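All remarks here apply to the structure that follows.
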Amino acid sequence: MIKISLPDGSVLEFDGAVSLKDVAERIGSGLANAALAGVVNGQLKDLGVVIENDAEVSIITPSQPEGLKLMRHSAAHIMAEAINNLYPGTKFAYGPALEDSFYYDVDCPEAISTDDLPKIEKEMKQIVKNNAKFERVEMTREEALKKYASDEYKLDNIERAKGDVISFYTQGNFEDLCMGPHVPNAKKIGAFKLLNVAGAYWHGDATKQQLTRIYGTCFANKEDLAAYLNQIEEAKKRDHRLIGKAMGLYEFHSESPGMAFWRNNGVILRNQLIGYIRELCDNNGYEEFFTPQIMSKELWVTSGHWANYADKMYTTDKDGREYGVKPMNCPGALILYKAGLYSHNDLPLRWAEFGHVHRYEGSGEIHGLVRVRGFTQDDAHVFCTPEQLRGEIKECIKFIFEVYTTLGMNFDHIELSTRPEKSIGSAEMWQQAETALENALKELEIDYVLNPGDGAFYGPKIDFHLKDAIGRSWQMGTIQVDFALPESFDLHYIDDKSERKRPVMIHRAVSGSLERFIGVLTEHYAGDFPLWLAPEQVRVLTVTDAANEYAEKVVKELKKYKIRAKLDKRNSKIGAKIRDGELAKVPYQLIIGAKEAENAQVSVRRRFKGDLGTMNVGELAELLLSEIESKELPPVADAKTDN
RNA sequence: GCUGCUGUAGCUCAGUAGGUAGAGCACUUCCUUGGUAAGGAAGAGGUCUCGAGUUCGAAUCUCGACAGCAGCUCCA
């Protein structure tokens with residue numbers, strides 16, 4: 001007699017050993033039908049696994065995240081089988097499930113392109129139709145190595161696998177090294193679609209050979225799949241490169257790959273953001289600096305940038321002297337610190353700089369505004385005593401949180417990165433710096449993930465990662481503790497005993513890159529910026545030419561309130577003008593016809609809210625200025641409005 | 001940087017067994033003066049990314065360059 005405990009607390013009794021499938025059958029035929037796998041005493045297992053002792057069991061179905069993941073993993077195997085059938089001789093490297101998709105890295109004798117995906121999908125459907133069973137085969141490490149002696153990927157994977165027993169899964173005529181578990185048979189994998197083809201390196205190592213990565217996804221049913229595909233389409237519409245161009249914010253041209261060209265609307269947006277951060281700096285004891293764009297090579301040698309990033313720096317020669325275009329602002333700040341004389345009474349010094357830096361990024365790495373070769377950092381360098389360090393870090397974290405909260409941004413995660421292989425400074429300095437960052441995070445009760453070995457060459461850092469509309473995570477703000485550069489530049493301050501001491505430096509940037517920040521914001525808001533950021537806040541529309549004169553007066557009056565307003569007095573119908581204004585994502589449109597002109601009123605239309613009725617310009621200004629002042633987040637678009 | 005794909009009007013895209021190009025939107029002009037997401041007509045606009053090659057003839061085929069897209073790698 002064995003006892004099986006279920007998640008709801010009930011206990012089933014069986015005469016002898018039972019399979020997970022038997023357990024599911026006993027609970028109910030519906031569940032047995034939906035079952036994909038099970039969890040036995042906390043371990044995910046195939047449905048066919050036989051339980052011989054008392055155990056805690058739960059059944060996994062497609063309605064659970066684990067179920068979907070498992071299904072996607074099995075779908076990856078079925079895709080591999082299809083590829084194997086269509087392209088004999090293909091070697092299979094690695095095929096996992098992701099958060100909402102799956103892929104398989106293959107080494108195929110023929111080039112596979114997106115055009116081939118329908119063919120592979122068709123073959124997959126055939127495999128599903130034949131309903132191949134997934135079966136687990138176990139063998140010893142030696143047997144496995146022998147069996148796959150001619151497949152370098154399998155050998156590598158076997159060597160990386162833990163334990164003495166190596167498991168394989170077969171379905172149809174395909175077999176793959178795999179820990180499992182899998183769905184019991186091919187018909188269980190639900191609705192799938194292949195999405196994309198791309199290159200990927202073996203083990204993510206750029207020095208290794210490149211494989212073809214084929215992406216697909218799989219959902220419990222057709223409806224869920226359609227919803228997901230629709231979501232991808234919606235996310236694509238938020239692409240900041242398209243919105244930026246359409247709204248006249250910024251665009252890209254081949255004359256300067258990787259650097260944005262900003263139009264007036266984009267410059268307004270930039271200036272609003274800079275103005276906001278500048279004001280916060282003012283209120284938090286920062287002073288603003290501005291240092292040269294181009295500085296001598298010797299400076300970059302001293303700072304260590306030359307040794308670490310010379311190939312990524314833009315350089316120029318004049319008068320027989322070599323110069324580097326700055327890739328970071330910090331050396332400029334270091335020069336100014338060194339040129340002064342500071343005592344402990346002067347510290348901390350919080351020096352802000354909106355510096356424009358250049359870094360030569362690889363041609364395949366640049367991407368819209370989020371990865372560029374020239375960008376503006378809302379940078380600051382804090383010089384403080386070691387005793388002040390932790391407090392200053394906390395101030396920086398709070399500063400960054402304030403900005404993100406105001407903008408209503410979504411966090412992906414916060415990361416603490418420690419000493420990398422290539423670094424300067426002593427082990428003791430690094431220890432001190434890492435501890436300071438860690439303690440600051442802990443004291444503020446902020447969750448973070450550790451990223452060992454990923455710090456800057458001069459110090460460890462906290463990075464703030466935000467999520468964009470398509471779910472990609474982007475590193476934005478950063479706080480870096482630096483004992484090394486004050487040493488390299490031989491900085492000091494005078495302490496209360498008249499002795500020379502070494503200050504610590506914090507590098508911090510809220511947006512990291514203003515360009516990237518604006519790219520992510522564009523996608524975050526889908527172009528519907530909060531009123532205080534919107535380049536064109538109000539558009540005044542005339543119903544007939546007779547209202548033009550009054551409309552011009554309204555625009556002038558709004559400008560007196562510093563409200564950004566434009567006039568549309570084109571000779572077209574009011575419906576067409578409204579449509580154009582909506583497509584341009586203008587938050588407020590004022591409809592002005594004979595009635596309004598006569599009564600000195602404006603008819604107000606708010607995007608996503610519709611007609612707000614009539615009021616006079618003073619009342620309107622009050623409404624708008626309060627929304628601007630409070631930095632209110634914009635109303636959310638309903639599902640129907642997809643422009 | 002790597003692999004694959006792509007490059008036709010301001011934008012989105014069609015086209016061609018190789019015979020020097022087309023639509024919609026936008027733009028200009030005219031008619032229309034219309035009240036909360038598209039009024040009508042006419043017109044203008046292209047060295048088909050660039051350079052070489054094959055050919056009687058190349059936007060179309062080949063090679064190269066440049067740029068873009070997807071993913072990988074990298075991101076002080």
Side-chain angles (χ1 to χ4, degrees), chain A residues 103 105 111-116 195-215 239 241-242 245-246 252-258 300 303-305 307-309 311-313 326-331 357 359-368 370-373 375 377 417 420 422-424 454-459 461 463 474-475 478 480 482 485 507 509 512-513 516 541-548 569 571-583 589-596 603-607 610-613 640-641 643:
Chain A
Y103 67 81
D105 284 347
I112 297 177
S113 78
T114 44
D115 296 340
D116 301 313
L195 300 171
N196 203 1
V197 177
Y201 298 106
W202 178 231
H203 293 307
D205 183 341
T207 63
K208 297 275 171 57
Q209 68 271 47
Q210 195 149 21
L211 306 165
T212 304
R213 176 170 293 180
I214 302 166
Y215 285 92
D239 190 320
R241 292 166 298 185
L242 303 178
K245 178 105 168 55
F252 298 88
H253 296 279
S254 59
E255 285 79 0
S256 183
W300 304 109
S303 69
H305 288 90
N308 285 284
Y309 291 103
D311 58 332
K312 301 259 177 183
M313 279 179 66
K326 68 177 173 184
M328 287 187 83
N329 300 304
C330 44
V357 299
R359 299 174 183 179
Y360 178 78
E361 306 285 2
S363 61
E365 280 145 14
I366 51 182
H367 176 91
V370 296
R371 189 75 183 273
V372 284
R373 288 177 175 161
F375 60 98
Q377 290 184 313
S417 299
K422 267 175 99 178
S423 58
I424 56 175
D454 209 36
F457 71 85
Y458 47 76
K461 56 178 184 168
D463 288 323
W474 293 102
Q475 181 185 318
T478 185
Q480 311 173 345
D482 185 354
L485 289 179
H507 310 239
S513 146
R516 175 183 290 185
L541 317 178
T542 51
V543 179
T544 70
D545 288 347
N548 284 355
K569 56 176 183 181
N571 173 13
S572 51
K573 285 191 161 187
I574 194 68
K577 291 189 187 185
I578 288 170
R579 182 181 143 84
D580 288 345
E582 291 286 345
L583 291 175
Q589 300 201 74
L590 307 183
I591 287 90
I592 293 189
K595 276 184 283 177
E596 288 78 9
S603 177
V604 182
R605 183 188 158 99
R606 166 90 240 220
R607 185 157 156 81
D611 194 345
L612 300 188
K640 279 185 283 180
T641 338
N643 55 59

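Every chain is numbered from 1 and lettered A, B, ... according to where its sequence line falls, protein lines coming before strand lines. Please read all numbers here as calculations on a predicted model, not as lab measurements.
With a cut-off of 3.5 Å on both Watson-Crick or G-U wobble distances, the partner of B:U55 is given as none. Judged by Watson-Crick or G-U wobble contacts below 3.5 Å, the nucleotide B:U60 has no partner. Pairing of B:U28, defined by two Watson-Crick or G-U wobble distances under 3.5 Å, is identified with B:A42. B:U6 and B:A67 make up a base pair, with Watson-Crick or G-U wobble contacts both under 3.5 Å. Figure legend. B:U20 is base-paired to no nucleotide; pairs are counted as Watson-Crick or G-U wobble with both atom distances under 3.5 Å. A 3.5 Å limit on both hydrogen-bonding distances identifies no Watson-Crick or G-U partner for B:A37. Pairing for B:C74 is absent, with no Watson-Crick or G-U wobble pair whose two atom distances lie under 3.5 Å. B:U47 is unpaired under the criterion used here, namely a Watson-Crick or G-U wobble arrangement in which both key atom distances are under 3.5 Å.
Look at CG on A:Leu485: it is 14 Å from P on B:A76, rounded to the nearest Å. The nearest whole Å value for the distance from the CZ atom in A:Arg579 to the C1' atom in B:G35 is 18 Å. In this structure, A:Asp580 atom CG and B:G35 atom C1' are separated by 16 Å, rounded to whole Å. Regarding A:Asp311, its CG atom lies at a distance of 12 Å from the C1' atom of B:C75, rounded to whole Å. Rounded to whole Å, the distance from CG on A:Asp116 to C1' on B:U3 is 15 Å. Atom CG in A:Asp611 sits about 6 Å away from atom C1' in B:U36, given to the nearest Å. Counting to the nearest Å, the C1' atom of B:A38 and the NZ atom of A:Lys573 are 10 Å from each other. Rounded to an integer number of Å, the gap from A:Gln209 CD to B:G4 P is 15 Å.
Looking only at distances, no side-chain donor or acceptor of A:Gln480 sits under 3.5 Å from a matching main-chain atom of A:His507.
Two residues, A:Ile574 and A:Ala456, neighbour RNA chain B, and the one matched to the more 5' nucleotide by heavy-atom proximity is A:Ile574.
Taking the side chain as every heavy atom from C-beta outward, A:Glu582 and A:Arg605 approach each other to under 4.5 Å. Side-chain contact between A:Gln475 and A:Arg516 is present, with at least one heavy-atom pair separated by less than 4.5 Å. A heavy-atom distance below 4.5 Å is not found between the side chains of A:Ser303 and A:Tyr458. At a threshold of 4.5 Å between non-hydrogen side-chain atoms, the residues A:Leu590 and A:Glu596 do not count as touching.
Here A:Tyr103 lies out of heavy-atom contact (under 4.0 Å) with every strand. In this structure, A:Gln589 reaches neither bases nor backbone, as no heavy-atom distance under 4.0 Å exists between it and the strands shown. Nucleic acid contact class of A:Gln377 (heavy atoms, under 4.0 Å, all strands): none. Within 4.0 Å (heavy atoms only), A:Phe457 reaches no atom of the nucleic acid at all. Heavy atoms of A:Ala576 sit under 4.0 angstrom from primed sugar atoms or phosphate atoms, though from no base atom.
B:C27 and B:U6 have their C1' atoms separated by 28 Å, given to the nearest Å. The same atom, P, is picked in B:C31 and in B:A67; the two are 49 Å apart, to the nearest Å. Only the P atoms considered, B:G40 is 24 Å distant from B:G45, to the nearest whole Å. Nucleotides B:A38 and B:C2 place their P atoms 50 Å apart, quoted to the nearest Å. Rounded to a whole angstrom, the distance from the C1' atom of B:U55 to that of B:U73 is 43 Å. When the P atom is used for both B:A21 and B:A44, the distance is 16 Å, rounded to whole Å. Taking atom C1' on both nucleotides, B:C61 is separated from B:A17 by 12 Å, rounded to a whole Å. Distance check on atom C1': B:G7 versus B:G46 gives 15 Å, rounded to whole Å.
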- B/S/- along nucleotides 61-74 of chain B (protein heavy atoms under 4.0 Å) is ------SSSSBBBB
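When distances run from any side-chain atom of A:Ala594 to the nucleotides B:G35, B:G34, B:A76, the shortest one goes to B:G35. For A:Val543, whose side chain is taken as the heavy atoms from C-beta onward, the closest listed nucleotide among B:G35, B:A76, B:A37 is B:G35. Closest approach to the A:Lys245 side chain among B:A76, B:A37, B:C11 is made by B:C11 (side chain taken as heavy atoms from C-beta onward).
Atom CD1 of A:Ile574 and atom CD1 of A:Ile591 lie 5.5 Å apart (nearest 0.5 Å). The CG atom of A:Leu612 lies 8.5 Å from the CZ atom of A:Arg606; values are rounded to the nearest 0.5 Å.
Contacts of A:Asp482 classified as salt bridge (Lys or Arg N to Asp or Glu O under 4.0 Å), with partners at least two apart in sequence or in another chain: none.
A:Phe457 and A:His305 have perpendicular rings, their planes meeting at more than 60° on a 0 to 90° scale where under 30° would count as parallel.
Here A:Lys577 does not reach the OP1 or OP2 of B:U36: none of its side-chain N or O atoms lies under 4.0 Å away.
With A:Glu361 as the partner, the side chain to side chain donor-acceptor pair (under 3.5 Å) test is satisfied by one option alone out of A:Lys312, A:His367, A:Arg373, A:Arg371: A:Arg371.
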